[in-house]
Every structure is written in C-alpha cells, then in structure tokens.
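Comments concern the structure below.
Values reported hereafter were calculated over all heavy atoms of this structure, with side chains retained and with hydrogens, waters and symmetry mates removed. This structure is a prediction, so every number in the text was calculated from the model and none was measured. Order of the sequence lines sets the chain letters (A, B, ...), proteins ahead of strands, with each chain counted from 1.
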Amino acid sequence: MGKLINDGIRVDGRRADELRPYRLEVGVLKNADGSAYIELGKNKIIVAVYGPKEVHPKHLSLPDRCIIRCRYHMSPFSTDVRKTPAPSRREIEISKVIREALEPAILVGEYPRTAIDIFLEVLQSDGGSRCAGITAASLALADAGISMYDLVAACAAGKVDGTIVLDLSDVEDKEGEADMPVAVMPNLGVITLLQLDGILTHEEFKRGLDLALEGCRRLHEAQRKALMERYFKTAPNQEVE
Amino acid sequence: MGKLINDGIRVDGRRADELRPYRLEVGVLKNADGSAYIELGKNKIIVAVYGPKEVHPKHLSLPDRCIIRCRYHMSPFSTDVRKTPAPSRREIEISKVIREALEPAILVGEYPRTAIDIFLEVLQSDGGSRCAGITAASLALADAGISMYDLVAACAAGKVDGTIVLDLSDVEDKEGEADMPVAVMPNLGVITLLQLDGILTHEEFKRGLDLALEGCRRLHEAQRKALMERYFKTAPNQEVE
Amino acid sequence: MGKLINDGIRVDGRRADELRPYRLEVGVLKNADGSAYIELGKNKIIVAVYGPKEVHPKHLSLPDRCIIRCRYHMSPFSTDVRKTPAPSRREIEISKVIREALEPAILVGEYPRTAIDIFLEVLQSDGGSRCAGITAASLALADAGISMYDLVAACAAGKVDGTIVLDLSDVEDKEGEADMPVAVMPNLGVITLLQLDGILTHEEFKRGLDLALEGCRRLHEAQRKALMERYFKTAPNQEVE
Amino acid sequence: MAAAKKSFVMEHLRKAHMIELLAKGKRLDGRALLDYRPIDIKCNVIQKANGSAQVSLGNTQVIAGVKIEVGPPFPDTPDKGLLVVNAEILPLASPYAEPGPPDEEAIELSRVVDRGVRESGMIDLSKLVLTPGQKVRAVFVDVSVLNVDGNLIDATSYAVVSALMTTKMPELEVSENLQIKEKPNTIPLPVSNIPVSVTFARIGESLIIDPDSEEESVMDARITLTTVDDGHLCAGQKGLAGGLTYEQIMFAAETAKIKGQEIREIIKKVVGSIG
Amino acid sequence: MAAAKKSFVMEHLRKAHMIELLAKGKRLDGRALLDYRPIDIKCNVIQKANGSAQVSLGNTQVIAGVKIEVGPPFPDTPDKGLLVVNAEILPLASPYAEPGPPDEEAIELSRVVDRGVRESGMIDLSKLVLTPGQKVRAVFVDVSVLNVDGNLIDATSYAVVSALMTTKMPELEVSENLQIKEKPNTIPLPVSNIPVSVTFARIGESLIIDPDSEEESVMDARITLTTVDDGHLCAGQKGLAGGLTYEQIMFAAETAKIKGQEIREIIKKVVGSIG
Amino acid sequence: MAAAKKSFVMEHLRKAHMIELLAKGKRLDGRALLDYRPIDIKCNVIQKANGSAQVSLGNTQVIAGVKIEVGPPFPDTPDKGLLVVNAEILPLASPYAEPGPPDEEAIELSRVVDRGVRESGMIDLSKLVLTPGQKVRAVFVDVSVLNVDGNLIDATSYAVVSALMTTKMPELEVSENLQIKEKPNTIPLPVSNIPVSVTFARIGESLIIDPDSEEESVMDARITLTTVDDGHLCAGQKGLAGGLTYEQIMFAAETAKIKGQEIREIIKKVVGSIG
C-alpha cells in the first residue's frame, strides 16, 4: 500500500484543503415535493422530500410540531461489492445522524401534527456519503418549501499520512488515520453533525474542525447557487471546483 | 434427457390435447365459509374461502366494494425437495395472479366495506398448480355463496418437443420449450389469467391459447358437476377423464 | 460420561432431595413497578413487572380483566455457547408456560382493560431456569402490588442414574433420564406448571411430583422471607440452603 | 381481537350450562367424559413425501408429511441424526388463524409433539448416522393443520407418529472414500416404540378427554400426557391459565395409560394394513 | 390507505372522461393509443457497477446496475451461471411507496422482467460456468425505481436489457488446480438476443400502450408481452383484476411484435454508441 | 407514543426551571455541571462468559458479557480477529422500552461504543489471528441494559471496557497441520489502551456531563467524546436534534480529556483489584 500523500498532493491529485469535484442540482424528481441530486467525487446521491403530510397512525404525531423521518439507503450496485437491499445497522445509524443534522434547521413548530419524510438514495458511494447526503437533503427540503433557519452544509475533515485534509475519499477514509464528518448551519454558526473515527490530538481536532467548517462554507455557496439556478435561472447549474 | 413425446404420446401416456386425470370436490372443510379440493395429475390442492367479513384495520376497506385477498401456499412436504414454510417470492407472485384471475368474476360491489379471503394450500405440487388452484378456488367461492358472473376455469397449454400440448406436467413444464397458463370465464369469453414462459411463434401462441381455452371448457363442465353433486346430489362426485 | 450419582451423592455434592444454593432479592430495579432477582445454582435471573397499564392497541384489552404478557429471554452471554439475541422457539414456548404458571395466581378481574407485563432476563443459565424464573417473577408481581391468591413457587424433579432427584442442574438435565418442572400455589395446592421430558414409570412420576412439591414448599418459604426482608426488614435477605 | 368481541354474558352462560352437564357426566355432543371423538387415520396420502398421514379427530383435520434429507449433524450431537417437527395452523383452518410466522400456540404445538416423539425414543437417531460428525439423515416432519376443532395436540401427534411409522427412505451406502450412494431399495425408519399423547381439559371440576373447540373455549386448564408402549410416561405439558390439583394430575396419568393403549392399537392397525 | 381516501365520485368521472376520449382515439397527454412516451436511455451511469443504465419513460425513471460475482451454482443447475433480477420501488419514487421489503407489486415487477430476460435466452448462462458444479459467474441485476409514473415493467425491462448489453466483466482464467485468476482485460456478457417487453392497458374497450400513472389509476386490465429478435413471443403476463377478450390478446400479440421491434432499434442505437 | 401523551405545558415548565437552575451552576440532584453520578463497576459477574462487568451510573444499570469464539475472518480483513459490540435495551429496563429487534437508539448505542473501542486500538486485533485468512478469534461483547436512567453510552462503554480488560480465554495452539488445540491455561486479551467516553448534554446554553433521564428529557443536544490513555481523542458522536457551537465543542473536547482521565483511574483500580 503506497503512501496517500506525496509532496503535498493526494492520490487523486488534490491538495490537503481541496474538495473533490461536485455538482448540485435541485428539483430532479417529479413526484417528490422537493428533491435534489449531488455528485461529490464518485458519490451520486438523490434525495426526495415528501411532506408536511398526515401521520399514520395518528398517535405518532405531535401536537406542537412536525416529526422528521429520514432514510439513508444504498442501492445494491452502489458499492464495490454488491450490497443486499435490506437496511444494514450502518444505514440505520446514518439515517439517524442525518436526521439529527437536518432537524435543527427546520422550523418544526410551523407544521404541527404532520410528518416530513426525507429519503436519501445512494446510487454510487464514495467516502463522505453521509455529508454529501446532508448537503443535498437540505436543498431538497428547501425545494419542498419547508421553512428553515438556514441551509445545512456538511463536509468531513480527517487525518491522512499525518496531514489534516479536507473531504476524504474512500481510500483516504479506509486507510487514513481519522475521519471527522461535520455539518453546520453556516449563517448561524451552529454545528449539527460531528462524528469522529480515529485518533487526533486536541490541536489536530481543532484544525480538522476549522477545515471542515471551511469546506461546509464552500458547499453552502454552491447550495445557494443551485437554488438560484432552479428558481431564478440566473446562475450556471453546475459548479465544479 | 429422453424425448418427451414419442409417436404423439407424452411421457405419461397422454395425447397432446388431453388433460391429466382430475377430481373436484366441493365443501371439504367445516370451518370455512366455502371450500373445495382438486386433484389434477399429482397436484393436490385444498382451498378455503372466508368472507365477506369485516376488515381490520378499517381504513383498508373500500366504501363501494369488497377487497379480495389471496394466499397461495405450499406445504413443506408438497415438493420433491422440502420447501421452507415461509412464503417465497414465487408464492407471493402466484398469490397475486390468482387473485387477479378470480376477481373479475366476483360482484365486488355487492359487498361494500368487507373482505373476502381465499386461502390455497398446495398439499402436493405438480405442473400447473396455479391453474388447478384457480379452478378449485372458484368452486370454493361458489360454495361460500359469493355472487359471481361466472365460474373461472384455468388450464395451461405449452410447447413440448415442438408440439403444442395441453396441461403440462412437472417434467414437461421444466424440460419443455414453453408454458402458458390461462384462466377464463367460459360463459363470458373473458380471459382473466395469461402468462407465458418460453418462446412461441405467433401461430403457436394462437394454437396454444385455443387449446388452453378448450381445456378450460372441459374443466368448467367438471366444476358444474362438482357443484351439482354438492348441492343437488344428482351427479357423481368424481370426474376422471 | 461418568456416573452422575455416587454413593447417593450427586456430582455437585448434593443429596437426592437437596436444592442447589439459592438467593432471592426483591426490588432490584428502579424503573420497574416490581422486580426481583434469583440465583439458583448458576442461574442468575432478573425479573421486572410493569403494570397494570393501558393496552395499545385498545382492541387487545379485555373488558372484564387484565391481560398478562410474559417474555422469558436469555442474554447472549448467559449460555455456554453465545446465544443470538433474537428469541428462539424455545424461549417463546417457555414464555408461554411461565405466563400460564403465574396467571392462575393473579386476580385478573381486579384490573379490567389493562395489561401486566412480566419480563424475565436470564443473565446466566443453568438447569431449571424456567422454574427459577417463575419463583422470582411471582416475587416481582408481589413487589408490584398485584393482587394474588398465593405466591407461585416452582421447582423441578427428575430421574438421574435411576434415582428420583430434586432440582436438576444443567448436566443432570442433559444427561439424566427425565426432567419434570412443576409450579404450585402452595397454600391452595393448585399445580400451575407441569412438564415432563423423559421416561418415568407411574410410580416414579408420583414420587417425582411429591419431591418437586416439597422443593416448591421450601422455595415458598424463601419467597416469604425475601418479601419480609424487603418490606419489614426483619429477616436476613439471603437464604442459602 | 376475537376475544374482545365475544359476548361475555353468553360465554358465562354457556360455561355454566356445560359445567352443569359435565357434573352429570355428559357432554354437549353426547360423549362420555373420557370418550374420544371418532378417529380416522389415512397413511401415504402424499406420494412426494417419504411418509405421510392425514388424521381426523372429529372435525379436527391435520396432515403430516415426512421428508428425509442428508446433511451435517448438530455440532453437539455428532453421533445422531436430526429430527425436526414443525406444525403450522394454516389460515384456511379457522376464522381466527392468520397468515404469518407461527405464533406461540403453533410453536407450543410443534414442541410438545416433538418432545413426545423424541423423549419416547421412538426413532433411534443414532442409527441415522452415515459418516459420524459429517453426514446424517435429517428427518423433517411438517404438519399442516387443515381444520381446527379442538385438541390439535393429539391429532398432530397421531399424524406425526403414523407418518413416521409408514416412512420409506432409500437405502444409502457409504463408500470407502465416504461418498454417499443411493441404493434402489427403500427401508423404513428405525422405529422402536409408539408414543401416544392423551390430552385432558379441566372445565370446572371435571376432567374430560379430547376437547372440541366449544369445550376449549371454556376450559380452565389443559394437560397432555404421553405414554410409551409399556405404559410409562414419557412427556407431559400442562397448558392454559388455570391450575390442576394433585389428584387431577394423578387421575390423568392413569387415564393416559389406558386411553393411550386404545389409541396405540388403532394406529397399529392402520399402519399394519399398509405393510 | 390511499385508496380509501380517494374521491370515488371524481374517480368515476375521470374514468368516464378518459373512456370517451379513448373512443375517439385520443389520450389526455395527446398521444395516440399505441404511442410510447419519449424514451431516454443512458448507459454506464454507475462506474462501480459492471453495467448500468438509467431509463426514462416520460416521467417514469429507473436505474439498473449489474454486479458480477463468482459463486457456487444452484444445486439443480450445476452447468449454468446465475441470473438474479431484483427491483425495488424506492420510497422516494412516489407518495405511495413505503420503506420496507418489496411488496407484491415489486416482486411481480422483478419476476416479470426476470422471466423476459431468462426465457428469451438473452444471456447464455451455460457460458458463465467456470468450474462445473463448483464455481460460476452470478449476474445480479438490481433496479431502483426513482420516479413512478406508470409502466414500470417496460421501463425496468429496458433498463435491465441495456445494462446487461453494456456490461463489462474481467476475463477469468481457471488454472489447472482450479484456482480462478482475474485477467487484466474485460469482456462482455454472452448476449445473443434483445428481449423487449410491450405493456398494454385496457381501459373500457380500448387497448393502449405504455400507460402513465393517471391511466393506470383507471385501467381495468394490463398485459405485457415480450418478443425476441425474430419477433416471436417469449414471455407474457396479464395483470390486474380485469379480463381481456381473445381478440384483445391477439391484437396485443401482433402489436407487441411491431412496437417491440421499434424499441429494439432504440436500445441497439444507444448501446451501439457505447461500443 | 409516550411523547404524544406528555403534558407539553409541564414539559416546558420543567425545562424552564432546569435552565434557570443550570444558569446558577446547579442541577436538580445537587450535582455540579461537570460531576458524574456515583460509578460502580463489578467485574466477573457472569462466570459462563470469558469476561463480564456490571456498571451502575446512578440508577442506570448495564451488564456486559464477552464471549470468545473461533471462526473465519471477514474477507476484507484476513489478518485481523473480529470484534462485535452489541447492546440491547431490555424491555425490563424502562416503561418505554419494547421487546423486538434493536431500534435506532440501541443501534446507535452499539455502534458508538463499538467505534470507541475499535478506533482507540484498545484490542490489537492482528494478535487474534490463528491461521491467516482461515481462523481467527471472534470477540463478541453483548450488553444488556437493565435500568435506564440516562447516559447509556457512557455506562455501556465502561462496562464493555471493563469486561474486555478482565477477559480470560483459553490459550490456543495451532499444530503443523493447522488443527487448533485448546491449552489448559487461560490468557488475557491483547489490551493496550483504555478508551473512555464522556458524554455531555446541552440544555439551553449550559453543557453538563452524565445527564440522567430527567435531564435527557429536556436536553437540546448531546455529544460524546472518547479519549485514549494519552488524552488524545479517538471517537466522537453528536446526537439529538439540536446543534452546538464551535466553542461548546472545544470546551467538551478539553473536558473529555480531564474527566476521561478520572474515570480511567476508577476503571484501572477496579480491574487491577481483579488481577
């Protein structure tokens, strides 16, 4: 296994603080109330939002707010080795953390006794699929007209060959030292997702978090452009860094 | 693998247009609202009908008609190799096509907000079990007193060793070229089941369909006799061709 | 496989009519409405009772009495070979017989339209875990303040190396000739559990039943002391025979 | 669900009436307390199975099929063949049966019948080993309940025993290199014993045998006792949320021996007629 | 659930209106009775798959991915590779789709498309054997339905066929000691035929092709007929709780041949452009 | 279900009261914001397990058991043993827990604790290989939650770590022909590090440590940070539908180091007393 960083350049040619190429698109599915699509590196993820809608059975609804339901799912052909369609424990946990990353942005009190469903389908997976999924899901929520305090943008930082890097690819995630996915509402400075797998000193933790937040800010800008493109047709619909 | 037809005679001694020996009986189970039993070749299938009855939960009911539910199930000992009791994908699909073959005959509007359950249990399986099941289920529905436009009779045709034949046995189904199950309401000329597995020219398709419909007509006659036997005790209760 | 009884002494040093060492404790869990803990030989079982409580969905409730629900479950580390957490057919059957052993003692008519849940968790298993579980569960019901005709005490007898013995251990259960778990309401003389696995003559059956009932009487005494200890702090909280 | 819809008044009336009758030694269908309903056993009803039997006990109807396969033994019993008994109460058998995995009633039914067969030593499982620790015969007995009218345990038990007694399986030969070859002839299972279960219901203070559905709907407790050829007991199971006295259990044990012998003769006769 | 909430009055009105239109040979979206909606096929959309295709049929959108693995054959076909087609109607595809295991609609969809491919002989499964009875290639075709707007069967079928035709898999070499080694080059699947399904809906007395969701909501019956390169039929499936006349079936069979050939050309063109 | 029945007025009042108290640096049970409840750890409580520990954190009670088996490695890590952490919130542990497969809360609990152990490198999995690619040790750590009163993650984490540190397993010998033989003596797991999780709750603007159930019922967000022996961070998980500021996270990271060291000493002392 070769080194992952040579002369400051990563195996896919990026510098430490560079995002992978990405593409965001809003309004890609006809039936959904809101939808979005993201490509980030090899990730290809489509997200649909349905709701606010009635809750069945009714006793699961809440009188003063809506409930948010979220399903992150990988298509069987999305991975290197075929994945069975039934949801794995990993997918169940990621569904939960994605929901909890998005919910702080939603004005849940505006939709009492209803539910909002967020469905993420990973058509092709790469490192950072949960972050890419959050970034796209927030766009789908906006496309559905759900009231939000801010968009949520997500991006990981991590440690690879001793260097703190932004937006880990699959191989960097698997063979690197640490991975730290982060989501944030950039305008409010509120961090809504933080996970860490792997060892970081406190100094590295701080630098990683700073770098991840910088990546989120760039993706947030791209989210705004994708919405403008969808609703005002004034910006190009593809943003490749 | 030997030839399946020699001098016009099939491995079980039948001619191309002959049905296997069969036996139909109505009213074989005490608890069911209606029931019937069929033997066709080695097939042994028992059918019970329960209903019309209340639907739980209620929101699954329809205000202007009854819903029809159908379960085709094979006992573990019914097959050459033991079958696990849990329903297979094949059983789920066959349950659906059987339901859709029977439903056109039922005056569903007469039973608003109710359900009719049709349970088929294959005690021993042979080729053509779905057709035999439909033929028996239609009798069970009649035995339950359900209003129907016509009885539904079902029978397959197919292609074996280049010949279009009626009512394929297990070995003919597996080693033959094509199998085409058909169900019909003979008095109305409405075809309610048609499936095809295997290659037929358009000419062969037409001849197969004609032959299958002829088989259905013969089984329809047997159905009528079985009902007479049950309700008027004037006909013999066994019809072996 | 060596002999299981030598000179009247069993492999763990007991005489034929001796119980294994035991310990009973009431009120061991904070959240439960009632709870108890038993050690008997290597068995370590904790029991919680919740209820009487509302039934969901309501149509499962009964207008003139409460329903009793019972779950006997083994922790994965409780057995010699790790057990998967999903309930086995054995656990489902034992849950049923435990419920039916306890229910005759409960004044179910005092709690119309409610449910009482009894959860038994086997933290470490040995022979006779269902009997030990019943003995503890009856204490947990008392601790929850459920009205009962009598406590239920349970104990097995069996046949090992040709001898009728009390309270079989794991190895005696597996390698012995017969095992007969029994539960009884000692004050009323009503037997609420009886199972038999293995061959006994009618004479042996009678002697086994007599011996099991004697064991139950001793455990009943221990149950009373454990309750006294819990509620009146006058007796020692451990009874080791 | 059904329970919640019952008329409780009617139920109590029916029970009171039945107890009154039973006190006079009578049952609604005219039987004496310790009478079985008519028993009908047909063997070899499923040709694709290695053995099979259809049993009617009054209106209760069940069918059992035996399939013999070859596979690895359980790790903890390398020197024994497998025996698996599984019963399903089919949704066609009753308005209350539902499709889906077996519920606790069906699981108890399977396990009680399984234990009766297993603990009796009816089948000598050690004779089903082909290559120790590697390949053994596995005996699957599946039971489909077709019509429910009480006492499923006994009907299932008799069907399982009758199917096992009439099972034929190909003789197998193990070659020197441990290959398993099927021989043209068939052989029976190594059967040494006929376990017979007898099920009692307690209604009020009366013990009756072979309860039908109506009797089961008001019974307080149930007990099944299984005996082997020489009359000894080999399996037991008390059921339901009521208890039994010591005397009732002792009476049941004695009666199970006598009635079990009667039914054993019926099974023997049917099976013997098959050859 | 949705069904119970429908306005039945509105449904009957809509159906009456549609039947009137169809009698004049017109459809709500302006198509003629035997017109397909615009078909768009893109191949190689998933790089991690061995083959893939995304198909739009009007607003119906599906994506198919092929994964090739090596494993044991089924015991009863030791001399054939495996082909498994599995379709899921994702919850994001429609307000009525729900998370969970495939329901009967998705299972029928999978099985109908599977049979079309299998019975056509499209893939020569005997060429996927590596070591007979031991190791074969297993071809998994998974389909995710992304947006539901009617006629899932044809959209799924075209996606599966297109993905299979553009599949590349590593060449494998079986050494003398039966070890399997991957070679650096890739090869296509042994494809010999393009099965094309054509699905008809009967609404009242009219037969139309490629129904959208609105048409499906009022259709009486559905029939899918699949043809192979030379126009012969290889698979069929009638669906829904209505029937068809003999004449309607014969008309559908003839039309499936003509329309199938048109669509076969579209698929060939897309696949050919991939090389 | 429970949620829908809550009195929302009461909930808001309780939360307001708690925020007021917290602003003064006080908690309902008298603890300071960064105080743990009393921690009690007992090891070797389950003799049938290779290792075990029962942990109380206030009224939260969990028990962990370790079972060591021998089996094949995962295909993608042929040179590593297996570690599987699985936690169940038993129905006896709370009025809100239900029987059934683990829900998302229990799955998150399992996976967060698993990652803490795994990412810390606590167990050197490469030392659990017996025959590379063929046989490795599999370490199953199962946790049963017995009473729920908040902060299940830390209680579970300490139980898992304590059980692993006191695990004994038979020494195994691999013979030349790759047979695995059990030796009479036992050895410990190859433990090199003690990961310690520290869980914070944010309620209003206050960060507290080790929330109990009452505090959890009103908390806005949760964050767990796990440190290794030298104070570095090895795992983290933010939970719940609220966010945290940058400063709150940095404060939590520093505090996790300090508190983690205190708890590491407690665990070491208990484990050391076992020898």
Side-chain angles (χ1 to χ4, degrees), chain C residues 27-37 39 41-58 69-87 91-92 95 115 117-126 129 133 136-137 140 144 170, chain F residues 1-2 4-5 44-54 56 58-71 84-102 106 110 138-150 159-160 163 167 212-213:
Chain C
V28 295
L29 293 173
K30 295 285 175 185
N31 288 336
D33 294 316
S35 61
Y37 175 72
E39 290 184 10
K42 293 194 206 99
N43 284 303
K44 298 186 182 202
I45 304 172
I46 193 162
V47 185
V49 168
Y50 286 92
K53 62 189 208 187
E54 263 187 77
V55 182
H56 298 282
K58 280 203 177 138
R69 297 183 294 208
C70 180
R71 180 184 192 250
Y72 164 97
H73 183 254
M74 306 180 86
S75 280
F77 46 75
S78 66
T79 46
D80 286 320
V81 174
R82 177 178 183 267
K83 197 204 147 285
T84 53
E91 282 167 292
I92 292 170
S95 296
D117 279 321
I118 307 168
F119 300 114
L120 300 94
E121 185 73 16
V122 179
L123 299 173
Q124 184 162 272
S125 71
D126 195 355
S129 69
D170 227 350
Chain F
M1 192 167 325
K5 301 206 171 298
N44 291 346
V45 292
I46 301 297
Q47 292 72 39
K48 289 201 174 186
N50 295 92
S52 59
Q54 183 157 5
S56 305
N59 287 329
T60 288
Q61 253 191 71
V62 309
I63 184 166
V66 176
K67 286 290 208 181
I68 313 266
E69 299 183 357
V70 170
V84 177
V85 175
N86 182 53
E88 306 253 330
I89 301 169
L90 298 178
L92 54 63
S94 138
Y96 307 113
E98 306 244 329
S110 298
V139 180
F140 289 94
V141 194
D142 288 286
V143 183
S144 294
V145 175
L146 300 178
N147 199 70
V148 172
D149 189 17
V160 167
T167 289
D212 63 22
S213 277

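You'll find the side chain of F:Lys48 reaches within 4.5 Å of the side chain of C:Asp80, heavy atoms only. Counting heavy atoms from C-beta outward, C:Ser75 and F:Ile63 have side chains that stay 4.5 Å or more apart.
At a 4.5 Å heavy-atom cutoff, the contact between C:Ser78 and chain F is made by backbone atoms alone. Contact annotation for F:Gln47: both backbone and side-chain heavy atoms come within less than 4.5 Å of a heavy atom of chain C. For a residue to count as touching a neighbouring chain, one of its non-hydrogen atoms must lie under 4.5 Å from one of that chain's; by this rule F:Leu90 touches chain C with the side chain only. Using a 4.5 Å cut-off between heavy atoms, C:Lys44 contacts chain F through its side chain alone, with no backbone atom that close. Heavy atoms closer than 4.5 Å to chain F are found nowhere in C:Val49, neither backbone nor side chain. When heavy atoms are compared at a cutoff of 4.5 Å, F:Asn50 does not approach chain C at all. Both the backbone and the side chain of F:Pro91 come within contact range of chain C, each with at least one heavy atom under 4.5 Å from a heavy atom of that chain. F:Val141 does not touch chain C: none of its heavy atoms, backbone or side chain, sits under 4.5 Å away.
Rounding to the nearest 0.5 angstrom, the gap separating the NZ atom in F:Lys67 from the NZ atom in C:Lys83 is 12.5 Å. Atom CG of F:Leu146 and atom CD1 of C:Ile46 lie 5.0 Å apart (nearest 0.5 Å). Atom NE2 of C:His73 sits about 6.0 Å away from atom CD of F:Glu88, to the nearest 0.5 Å.
Nearest heavy atom pair, residue C:Val28 against residue F:Gln61, reads O-NE2, 3.7 Å. Taking all atoms of both residues into account, the shortest heavy-atom contact from F:Ala93 to C:Asn31 is O-ND2, 2.9 Å. Taking every heavy atom of both residues into account, C:Val81 and F:Glu69 meet most closely at CG1-OE2, 4.3 Å. The shortest non-hydrogen separation linking C:Phe119 to F:Pro99 is CE2-CG, 4.0 Å. In this structure, F:Ser94 and C:Tyr50 approach most closely via the heavy-atom pair N-OH, 3.0 Å.
Taking a cutoff of 4.0 Å between a charged side-chain nitrogen and a carboxylate oxygen, C:Arg82 and F:Asp142 qualify as a salt bridge.
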